[in-house]
Amino acid sequence: MALSRRRHQHHNRTRCLIPAISSVSAALFLLFFCFSFLVPSPGDSDHFHQTRHYSSMNDVIGEGNEVPVFRVPTSGGVYDRDIWTSKNAQFYYGCSNCSIKFAKAKDVTRPNHYLAIATSGGLNQQRTGITDAVVAARMLNATLIVPILDKTSFWKDNSNFSEIFNVDRFISYLAKDVEIVKEPPQRRGHIWAPYTMRVPRKCNDKCYTSRVLPVLLKKRAVMLTKFDYRLANKLETDLQKLRCRVNYHALKFTDPILEMGAKLVQRMRMNTKHYIALHLRFEPDMLAFSGCYYGGGDKEKIELGKIRRRWKTLHISNPDKGRRQGRCPLTPEEVGLMLRALGYGRDTHIYVASGEVYGGEETLAPLKAHFPNFYSKETISRKQELEPFSAFSSRMAALDFIVCDESDVFVTNNNGNMAKILAGRRYA
């Protein structure tokens with residue numbers, strides 16, 4: 001009986017509550033309806049409004065159908081802060097000078113003991129190898145022979161050291177650190193043929209002492225082949241500072257390269273106060289080496305797979321996993337979106353340093369839509385001006401290096417050698 005009474009009371013309360021809920025709902029609906037007349041529609045608001053943009057190459061596709069190829073944001077500039085400078089730039093300072101404990105080369109170099117190296121890769125990879133060779137010679141207390149540049153790899157550039165870098169400056173600037181000679185010495189009337197060997201990658205000072213020094217003491221002249229990343233990243237402070245002196249002070253390009261590079265920089269400055277330099281690594285070999293997949297279907301997999309077979313020891317990677325972890329080079333379109341998101345407007349001038357872009361103009365089109373003021377060394381120079389350099393990939397890369405080095409902002413889609421070197425130069 002008591003249970004029945006409680007049920008009856010609960011039923012009466014529910015009957016009274018329903019009209020109350022209905023009244024409140026009706027009042028809220030009426031309030032929302034009135035408010036809707038007081039605010040502008042999304043179509044009338046500048047904040048929500050987006051204008052359709054089309055490719056500058058083909059505004060529309062199809063026959064008479066206005067279908068946008070891609071949508072470009074109408075805004076892009078951030079005006080409440082300076083996006084061309086860094087507040088922390090004033091706190092960076094050079095740190096390449098050696099300590100007073102670092103002995104002079106003449107006091108530690110072993111007479112008649114020579115180290116030679118053969119570099120590998122493109123310009124900036126070879127530059128890293130040259131830098132490490134100087135440090136390796138110092139650790140071994142040997143005289144360094146001017147490095148031999150790579151002439152047989154994918155880049156196929158037959159330039160000598162002296163055709164890219166100022167060899168006399170290289171030798172004189174480092175005279176107190178390492179003794180350097182241009183050519184191997186003669187022995188019994190013949191050029192001294194060094195003993196060739198290879199060291200493991202990331203070899204530290206103990207590694208060089210145990211592996212190379214005994215051979216050097218016995219043979220007197222040693223050639224280290226395929227010298228790329230053959231020195232550990234972590235070394236004692238004075239050796240790290242020596243790396244900086246080599247890379248950022250001793251290595252200077254030849255006068256013809258410097259003069260042409262200065263012309264390119266001047267032409268970029270003619271129409272704008274600031275410019276962005278983009279090192280765009282999106283060449284077929286780069287994508288093949290990365291093992292990444294960019295949605296090109298079987299065609300892409302077959303084309304890049306053939307190139308990938310050049311590296312017999314290259315591991316099989318998981319393209320999806322690499323993409324999720326941010327290990328894949330950004331596409332040109334992704335770079336454009338990133339720069340617009342950072343606040344660089346459509347009127348920003350951009351210089352692109354790149355080789356053959358996989359997919360050609362179709363791949364570059366979204367980036368050009370975001371930044372119509374799109375330049376390269378080929379577009380701001382005459383064919384005759386580039387003739388002394390165009391047949392040599394490393395010399396062409398040196399021109400790009402100069403324009404990127406002088407830019408107000410440097411951006412890369414892949415954290416490679418050039419990006420690391422330029423980052424160091426900003427505060428070396």
Side-chain angles (χ1 to χ4, degrees), residues 96-120 126-151 160-162 165-247 249-251:
S96 60
N97 294 332
C98 64
S99 70
I100 58 175
K101 297 179 181 179
F102 197 66
K104 299 293 187 290
K106 64 180 181 179
D107 298 328
V108 297
T109 303
R110 294 185 176 90
N112 299 319
H113 287 75
Y114 298 92
L115 177 69
I117 65 108
T119 61
S120 177
Q126 292 187 87
R127 184 175 183 136
T128 302
I130 294 166
T131 299
D132 289 347
V134 174
V135 178
R138 173 69 192 210
M139 290 192 302
L140 297 168
N141 294 325
T143 296
L144 178 68
I145 301 170
V146 169
I148 300 171
L149 301 189
D150 185 356
K151 301 178 181 180
N160 295 319
F161 186 100
S162 59
F165 300 106
N166 185 328
V167 65
D168 292 324
R169 176 186 171 84
F170 178 70
I171 294 172
S172 61
Y173 192 93
L174 297 170
K176 294 181 179 180
D177 301 311
V178 175
E179 292 188 5
I180 305 175
V181 295
K182 292 183 180 180
E183 297 176 350
Q186 288 196 347
R187 188 181 188 186
R188 298 171 185 172
H190 301 282
I191 293 178
W192 203 340
Y195 177 84
T196 60
M197 61 181 294
R198 188 177 297 179
V199 294
R201 291 198 168 194
K202 308 298 183 184
C203 194
N204 59 20
D205 51 350
K206 292 181 181 179
C207 172
Y208 275 89
T209 301
S210 62
R211 289 174 178 263
V212 183
L213 185 57
V215 180
L216 180 67
L217 294 175
K218 182 179 180 180
K219 302 292 185 180
R220 297 292 186 99
V222 172
M223 162 77 79
L224 301 179
T225 60
K226 199 172 174 55
F227 200 77
D228 55 345
Y229 315 114
R230 304 292 165 173
L231 186 60
N233 290 329
K234 294 182 179 180
L235 300 172
E236 62 175 86
T237 302
D238 269 325
L239 293 178
Q240 295 288 49
K241 289 184 174 183
L242 177 56
R243 266 177 162 158
C244 291
R245 289 199 294 283
V246 179
N247 210 344
H249 300 285
L251 283 174

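Computation of the quantities below employed the complete heavy-atom set of this structure, encompassing side-chain atoms and omitting hydrogens, waters and symmetry-equivalent molecules.
- The list of salt bridge (charged side-chain N to carboxylate O under 4.0 Å, His left out) pairs with a residue in residues 201-217, not counting sequence neighbours, reads R201-D228.
- Checked against side chain to side chain donor-acceptor pair (under 3.5 Å), T128 has no partners two or more places apart in sequence or in another chain.
- For residues 176-201, the set of pairs meeting the ring-ring contact (aromatic ring centres under 6.0 Å, His included) definition, not counting sequence neighbours, comprises Y114-W192.
- Legend: residues meeting side chain to side chain donor-acceptor pair (under 3.5 Å) with E236, ordered by chain and number and at least two apart, are absent.
- Each disulfide (SG to SG under 2.5 Å) pair with one or both residues in residues 184-218, not counting sequence neighbours, appears once here: C203-C207.
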Can you give me every donor-acceptor pair (side chain of residues 135-146, partner residue at least two apart or in another chain, under 3.5 Å) with its distance?
unit_1 : atom_1 : unit_2 : atom_2 : d
R138   : NH1    : A103   : O      : 2.9
R138   : NH1    : D177   : O      : 3.0
R138   : NH2    : A103   : O      : 2.8

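- Annotation: side chain to side chain donor-acceptor pair (under 3.5 Å) contacts of K226 (sequence neighbours excluded): S120.
- Remark: C98 pairs with no residue by the disulfide bond (SG atoms under 2.5 Å apart) rule, at least two apart or across chains.
- Pairs of residues two or more places apart, or lying in two chains, never qualify as salt bridge (charged side-chain N to carboxylate O under 4.0 Å, His left out) while including a residue from residues 96-111.
- With hydrogens and angles left out, the side-chain atoms of N160 and K151 include a donor and acceptor closer than 3.5 Å.
- Taking the side chain to side chain donor-acceptor pair (under 3.5 Å) definition, one finds that D168 meets it with K182, sequence neighbours left out.
- For residues 202-240, no residue pair satisfies the ring-ring contact (aromatic ring centres under 6.0 Å, His included) rule, not counting sequence neighbours.
- Residues passing the side-chain contact (heavy atoms from CB on, under 4.5 Å) test with A118 are M223, sequence neighbours excluded.
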